[in-house]
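Quick notes on the structure that follows.
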Amino acid sequence: MSSASPRGALVVVEGLDRSGKSSQCQILVDHLNQSGSKAQYVKFPDRSTPTGKMINSYLTGSAQQDDHSIHLLFSANRWEAIQSILQMLEFGMNIIIDRYSFSGAVYSAAKDNPNLGLDWAWACEVGLPKPDLVLFLDLSSEEAARRGGYGEERYETQQMQSRVRALFQDLFKRLPNVNLKQINAGCSIDDVATEIRTTFGRFVEQAKLERPPEKLQTLSA
Ligand code: NYM
Ligand code: MG
């Protein structure tokens with residue numbers, strides 16, 4: 001592949017559980033593939049790998065883990081996928097990722113473990129490829145709970161989700177170099193999809209994509 005052809009864009013979609021991330025990622029991927037761009041959906045945690053299977057056992061309650069240990073597994077689950085993501089980007093594929101380092105840091109920090117704050121949680125994400133665009137699907141924890149309620153997995157309680165929502169904002173404030181777009185996820189699926197599509201289109205027109213992508217950096221003070 002000639003390096004003159006543009007690389008793909010790395011787009012991350014973040015939000016609380018029930019914010020509609022997975023549906024919206026799929027809608028965007030389908031739209032891009034149908035309109036002549038190549039796009040691939042990637043999801044973290046990837047529960048199919050050995051680390052992902054350990055994560056799944058923890059989330060479903062069949063295994064216990066120390067807070068730090070599970071945190072590092074979530075991070076390892078991203079690091080092990082990075083070479084293949086970089087290759088796909090180089091090949092011109094747009095990668096749409098359902099949760100990334102931002103979820104990694106805030107869900108762990110939301111546990112209120114005094115030895116596991118945002119700075120500690122973010123440290124193992126430093127050096128991963130920096131997304132070209134982060135779409136945050138914002139929804140209150142009350143609204144999320146009204147959407148058919150939370151499931152059975154660990155972290156799916158309203159108290160945890162409201163802490164997660166506040167921590168996402170704390171984290172984004174400390175990452176001023178991240179290209180972030182907050183989207184109100186409280187409207188209809190179609191309206192959210194339209195806003196995402198418009199935002200992506202505008203971003204692609206202006207984007208100057210570094211090769212290889214930039215890296216995530218430490219949090220500012
Ligand atoms: N989660 C997800 C983390 O705690 N750390 C991470 O690094 C990632 C990627 O896993 N409640 C949490 C958030 C979710 C849970 O994700 C499973 P999903 O998107 O519901 O399958
Ligand atoms: Mg979930």
Side-chain angles (χ1 to χ4, degrees), residues 10-29 41-82 85 95-113 116-131 134-141 143-168 170-172 175 178 185 216 219:
L10 184 62
V11 178
V12 164
V13 180
E14 285 283 8
L16 302 187
D17 289 281
R18 301 283 177 277
S19 59
K21 288 179 306 308
S22 304
S23 316
Q24 291 297 341
C25 285
Q26 288 291 359
I27 293 170
L28 179 60
V29 166
Y41 173 75
V42 171
K43 164 152 188 56
F44 292 115
D46 173 356
R47 302 189 194 214
S48 71
T49 71
T51 59
K53 289 190 171 115
M54 292 168 80
I55 291 168
N56 185 60
S57 304
Y58 173 79
L59 287 172
T60 55
S62 66
Q64 304 300 316
Q65 289 270 358
D66 168 78
D67 291 343
H68 300 82
S69 168
I70 187 64
H71 178 76
L72 294 169
L73 282 172
F74 273 111
S75 184
N77 188 248
R78 282 183 281 283
W79 279 101
E80 68 191 5
I82 287 314
I85 289 176
I95 309 287
I96 313 299
I97 309 189
D98 186 347
R99 291 194 190 278
Y100 194 57
S101 305
F102 313 95
S103 280
V106 299
Y107 278 84
S108 290
K111 291 170 168 178
D112 270 347
N113 180 327
L116 209 179
L118 264 188
D119 290 86
W120 196 96
W122 185 255
C124 48
E125 307 301 316
V126 172
L128 284 170
K130 183 180 132 185
V134 178
L135 301 168
F136 181 69
L137 304 195
D138 192 34
L139 193 68
S140 70
S141 58
E143 179 65 27
R146 274 198 291 276
R147 292 188 170 181
Y150 291 115
E152 302 284 294
E153 291 203 334
R154 233 182 263 262
Y155 306 154
E156 294 193 352
T157 65
Q158 196 169 327
Q159 190 198 29
M160 179 76 180
Q161 300 284 327
S162 76
R163 283 209 292 263
V164 164
R165 186 182 188 216
L167 278 163
F168 265 122
D170 293 347
L171 179 65
F172 291 142
L175 291 166
V178 164
L216 289 175
L219 299 181

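All figures in this text were calculated on a predicted structure; none of them were measured in a lab. Ligands are counted one by one from 1 in listed order, and the atoms in each one are counted from 1 as well.
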| query | Considering only heavy atoms, does I55 approach ligand 1 within less than 4.0 Å through its side chain, its backbone, both, or neither? | reply | neither
| message | Which of the numbered atoms in ligand 1 are under 4.0 angstrom from any heavy atom belonging to D17? | response | 11 (N), 14 (C), 20 (O)
| field | Contact partition for E14 relative to ligand 1, non-hydrogen atoms under 4.0 Å | value | neither
| message | Could you identify the single nearest non-hydrogen protein atom to atom 15 (C) of ligand 1 and state the distance to 0.1 Å? | response | L59 CD1, 3.8 Å
| request: Number the atoms of ligand 1 from 1 as they appear, then name those within less than 4.0 Å of a heavy atom of P45, with their elements. | output: 2 (C), 9 (C), 16 (O)
| How close do S19 and L139 get, heavy atom to heavy atom, and via which atoms? | CA-CD2, 3.8 Å
| query | For K21, is the nearest heavy atom under 4.0 Å from an atom of ligand 1? | reply | no
| message | I'd like to verify the contacts: list protein N, O or S atoms under a distance of 2.8 Å from the Mg ion (ligand 2). | response | D17 OD1
| said: Below 3.5 Å, N or O to N or O, backbone or side chain included: is there any such pair between Y107 and ligand 1? | reply: no
| Can you check whether C124's main-chain N or O pairs, donor with acceptor, with S75's side chain at less than 3.5 Å? | yes
| So, D98 versus Y41: side-chain donor-acceptor pair below 3.5 Å or not? | yes
| query | With atoms numbered from 1 as shown, which atoms in ligand 1 lie under 4.0 angstrom from a non-hydrogen atom of G104? | reply | 5 (N), 6 (C), 7 (O)
| remark: Sequence neighbours excluded, the answer for side-chain contact (heavy atoms from CB on, under 4.5 Å) partners of R163 is A110, D112, Q159, M160
| request: Start with the C-alpha gap between F102 and W122, add the side-chain angles, then the distance that decides, and say whether ring pair (Phe, Tyr, Trp, His ring centres under 6.0 Å) holds. | output: CA-CA 8 Å; F102 313 95; W122 185 255; 5.6 Å; yes
| query | At what distance, to the nearest 0.5 angstrom, does OG of S48 lie from CG of N56? | reply | 10.5 Å
| task | Determine whether the side chain, the backbone, both or neither of K43 has a heavy atom under 4.0 Å from any heavy atom of ligand 1. | result | side chain
| query | Do ligand 1 and R99 have nitrogen or oxygen atoms that lie under 3.5 Å from each other? | reply | yes
| said: Suppose we screen for salt bridge (charged side-chain N to carboxylate O under 4.0 Å, His left out). Which residues come up paired with R154, at least two apart in sequence or across chains? | reply: none
| request: Could you tell me how the ring of H71 sits relative to the ring of W120: parallel (under 30°), tilted (30 to 60°) or perpendicular (over 60°)? | output: tilted
| task | For K111, check salt bridge (charged side-chain N to carboxylate O under 4.0 Å, His left out) against everything at least two apart and list the hits. | result | D67
| field | Side-chain donor/acceptor of Q161 to backbone N/O of L16, under 3.5 Å | value | no
| task | Specify the closest pair of heavy atoms between E153 and R47, including all atoms of both residues, with the distance to one decimal. | result | OE2-NH1, 2.8 Å
| What is the distance from atom CD1 of I27 to atom CD1 of I96, rounded to the nearest 0.5 Å? | 12.5 Å
| task | Report the nearest protein non-hydrogen atom to atom 1 (N) of ligand 1: residue, atom name, distance rounded to 0.1 Å. | result | F74 CE2, 3.5 Å
| Y100 N/O under 3.5 Å from ligand 1 N/O | no
| task | Please state whether the rings of F168 and F172 are parallel, tilted or perpendicular, taking 30° and 60° as the class boundaries. | result | parallel
| query | Is it the side chain (CB and beyond), the backbone, both or neither of R78 that lies under 4.0 Å from ligand 1, heavy atoms counted? | reply | side chain
| field | Protein residue, atom and distance nearest to atom 17 (C) of ligand 1, heavy-atom basis | value | R47 NH2, 3.3 Å
